Amino acid sequence: MEKIKLFAKEKKMNWEYDEEADVLYISFGRPQEAVGIDIGEGMILRYSEKLGEVVGFTIYGIRSHLFKELVK
């Protein structure tokens, strides 16, 4: 099985929050084209086939994710 590089190099983390859609976009380095892999619970892992590494995440319904954690 091929290993996936998660954080091979130190890169600046960028993020953007779309309040209306309640979506958080996180990119390692500059945002770039990537394959989205649904890892469950509204989270999409962004994988660059060209680089062979994870380049970011997209999290849908971030408010409800945070609320669940805060009310525990």
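No experiment lies behind these values; they were computed from the predicted model shown.
Among all heavy-atom pairs drawn from Ala34 and Ser48, the shortest one is CB-N, 4.2 Å. When all heavy atoms of Asp38 and Met43 are compared, the closest pair comes out as OD1-O, 3.5 Å. The shortest heavy-atom contact between Tyr17 and Val23 is CD1-O, 3.3 Å.
The shortest distance between side-chain heavy atoms of Glu49 and Val35 falls below 4.5 Å. With contacts defined as side-chain heavy-atom distances shorter than 4.5 Å, the pair Met13/Ile26 qualifies. Phe57 is listed as a side-chain neighbour of Leu45, based on a closest heavy-atom distance under 4.5 Å.
The hydrophobic cluster containing Ile44 does not contain Leu51, counting ILVMFWY residues as joined when their side-chain heavy atoms lie under 4.5 angstrom apart, directly or transitively. Both Ile62 and Phe28 are part of a single hydrophobic cluster, where members link through side-chain heavy atoms under 4.5 Å apart. Tyr60 and Tyr47 are members of different hydrophobic clusters when ILVMFWY side chains are connected at heavy-atom separations under 4.5 Å.
For Gln32, the CD atom is densely surrounded, since the number of other residues' heavy atoms within 6.0 Å is greater than 12.
We find the OG-NZ distance between Ser27 and Lys12 to be 11.5 Å, quoted to the nearest 0.5 Å. Atom CD1 of Ile37 and atom OG1 of Thr58 lie 11.5 Å apart (nearest 0.5 Å).
Applying the side-chain hydrogen bond (donor to acceptor under 3.5 Å, both in side chains) rule to Asn14 yields no partners; only residues at least two apart in sequence or on another chain are considered. Under the rule for a side-chain hydrogen bond (donor to acceptor under 3.5 Å, both in side chains), Tyr25 has no partner lying at least two apart in sequence or in another chain. Contacts of Arg30 classified as salt bridge (Lys or Arg N to Asp or Glu O under 4.0 Å), with partners at least two apart in sequence or in another chain: none.
For the pair Asp22 (side chain) and Arg63 (backbone), a donor-acceptor distance under 3.5 Å is present.
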